[in-house]
Amino acid sequence: MTETLLSPFTLERDIKKSRFLASATPINSIEEAEAFISRIAAAGPDATHHCWAWQFGPHCRCHDAGEPSGTAGRPILQVVVAQKLDRVAIVVSRWFGGIKLGAGGLVRAYAGTAAECLREAPKEPLIDRIKLSFHCPFSLIGLLQSRLPEWGVDADTPEFDALGAQFVLTLPVEWQEGITQRITDLTNGQAQIRVVEEN
């Protein structure tokens, strides 16, 4: 099962006098990933390198940030993939301590720090969700508003009009058929349910 992080998480290691600080966060867009990387770099201007990777659905990127090619960004990204994580950005910052690690040592240091950080970070399953929208007559609004929380469905505040209210629900994709059937039954087929967006 694919997971994402519950919240931002950091982990620090000292390797041969160099300080490595991994900072990871859940992301909801590629823009969020890029903003996070910029914030980490701005917060540690004295670091020698800020190497990073992010994974967002089918999209991913990584960067060695001045380390020898292939020794930092890609190993960090490989850790994200190996741990079956998605919607995650991670930056591993390094403060050089005077001892060169060599290419193999750099790969182990960056991948190891990233792996330990992501292993220890609190995670949650990544569930594909869907938004459904439907219109409900006034006579059924109270009944629906009492049932939706029982079904575990997140509902936006209904938008009222002259004929009733428009509901927008967010729920796991695998619940779509069951919830659609329940709403159809409850409204005697009066609710025309449509998908708003899938994410």
Side-chain angles (χ1 to χ4, degrees), residues 1-11 22-37 39 52-62 76-91 114-115 117-199:
M1 178 182 285
T2 306
E3 294 183 308
T4 191
L5 302 188
L6 263 174
S7 57
F9 192 80
T10 59
L11 180 132
S23 307
T25 192
I27 54 168
N28 289 309
S29 67
I30 291 168
E31 292 74 24
E32 266 188 36
E34 290 170 348
F36 173 73
I37 292 160
R39 266 198 320 278
W52 53 264
W54 55 256
Q55 178 82 41
F56 186 76
H59 307 286
C60 63
R61 274 192 69 200
C62 59
I76 295 168
L77 181 59
Q78 285 168 340
V79 165
V80 174
V81 173
Q83 293 193 22
K84 295 190 170 79
L85 296 171
D86 193 4
R87 300 186 183 190
V88 168
I90 179 165
V91 180
C117 174
L118 293 173
R119 256 196 313 274
E120 292 188 18
K123 290 175 276 295
E124 63 180 345
L126 195 57
I127 298 167
D128 284 332
R129 296 185 182 278
I130 194 168
K131 280 187 188 284
L132 301 180
S133 174
F134 64 92
H135 194 273
C136 173
F138 282 114
S139 59
L140 295 171
I141 290 171
L143 182 59
L144 262 164
Q145 285 183 313
S146 69
R147 291 292 171 85
L148 292 172
E150 288 174 21
W151 298 341
V153 173
D154 293 328
D156 294 356
T157 304
E159 289 189 15
F160 291 91
D161 59 28
L163 301 173
Q166 188 75 28
F167 282 81
V168 177
L169 313 178
T170 305
L171 52 133
V173 170
E174 67 238 32
W175 293 11
Q176 181 182 353
E177 197 175 316
I179 294 296
T180 298
Q181 190 60 54
R182 286 179 179 186
I183 294 166
T184 303
D185 292 347
L186 203 64
T187 62
N188 293 321
Q190 292 178 68
Q192 297 299 310
I193 302 159
R194 63 186 180 86
V195 176
V196 181
E197 64 187 52
E198 287 188 68
N199 55 8

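Hydrogens, waters and symmetry mates play no part in the numbers below; they use all other heavy atoms, side chains included.
No side-chain N or O of Thr2 forms a donor-acceptor pair with one of Lys84 less than 3.5 Å apart.
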What side-chain donor-acceptor pairs closer than 3.5 Å can you find for residues 146-164, not counting sequence neighbours?
unit_1 : atom_1 : unit_2 : atom_2 : d
Ser146 : OG     : Leu143 : O      : 2.7
Asp161 : OD1    : His135 : NE2    : 3.1
Asp161 : OD1    : Leu163 : N      : 2.9
Asp161 : OD1    : Gly164 : N      : 2.9
Asp161 : OD2    : His135 : NE2    : 2.8

Which pairs would a plain distance check flag for residues 180-189, meaning a side-chain donor or acceptor within less than 3.5 Å of a matching protein atom at least two apart in sequence or in another chain?
unit_1 : atom_1 : unit_2 : atom_2 : d
Thr180 : OG1    : Gln176 : O      : 2.7
Gln181 : NE2    : Asp185 : OD1    : 2.9
Thr184 : OG1    : Thr180 : O      : 2.7
Thr187 : OG1    : Ile183 : O      : 2.8
Thr187 : OG1    : Ala191 : N      : 3.3

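Contacts of Phe134 classified as ring pair (Phe, Tyr, Trp, His ring centres under 6.0 Å), with partners at least two apart in sequence or in another chain: Phe167. Residues passing the side chain to side chain contact (heavy atoms under 4.5 Å, CB included) test with Glu32 are Ile27, Asn28, Ser29, sequence neighbours excluded. The side chain to side chain contact (heavy atoms under 4.5 Å, CB included) check on Gln55 picks up Cys60, Leu77, Val80, Val81, Asp86, with sequence neighbours excluded. Applying the side chain to side chain contact (heavy atoms under 4.5 Å, CB included) criterion to Ile37, with sequence neighbours excluded, gives Trp52, Trp54, Val91.
Considering only heavy atoms from C-beta on, Val88 comes within 4.5 Å of Leu118 through its side chain. The side-chain heavy atoms of Leu126 and Glu3, taken from C-beta on, include no pair separated by under 4.5 Å. Side-chain contact between Ile130 and Leu171 is present, with heavy atoms from C-beta onward closer than 4.5 Å.
Listed here is the closest heavy atom pair of Gln83 and Arg119: OE1-N, 3.4 Å. Residues Phe9 and Pro122 share a closest heavy-atom pair of CD1-CD, 3.7 Å. When all heavy atoms of Ala115 and Val79 are compared, the pair lying nearest together is CA-CG1, 3.4 Å. The heavy-atom pair separating Glu120 from Lys123 by the smallest distance is N-NZ, 4.5 Å. Considering all non-hydrogen atoms of both residues, Cys117 and Ala22 come closest at CB-CB, 3.6 Å.
Taking CD from Gln190 and OG from Ser139, the interatomic distance works out to 6.0 Å, rounded to the nearest 0.5 Å. Interatomic distance, Ile127 CD1 to Trp175 CH2, rounded to the nearest 0.5 Å: 8.0 Å. Separating the CD1 atom in Ile90 from the OG1 atom in Thr10 is a distance of 10.5 Å, to the nearest 0.5 Å. With rounding to the nearest 0.5 angstrom, the NZ atom of Lys131 is 12.0 Å from the CZ atom of Arg194. With values rounded to the nearest 0.5 angstrom, His59 atom NE2 is found 5.0 Å from Ile30 atom CD1.
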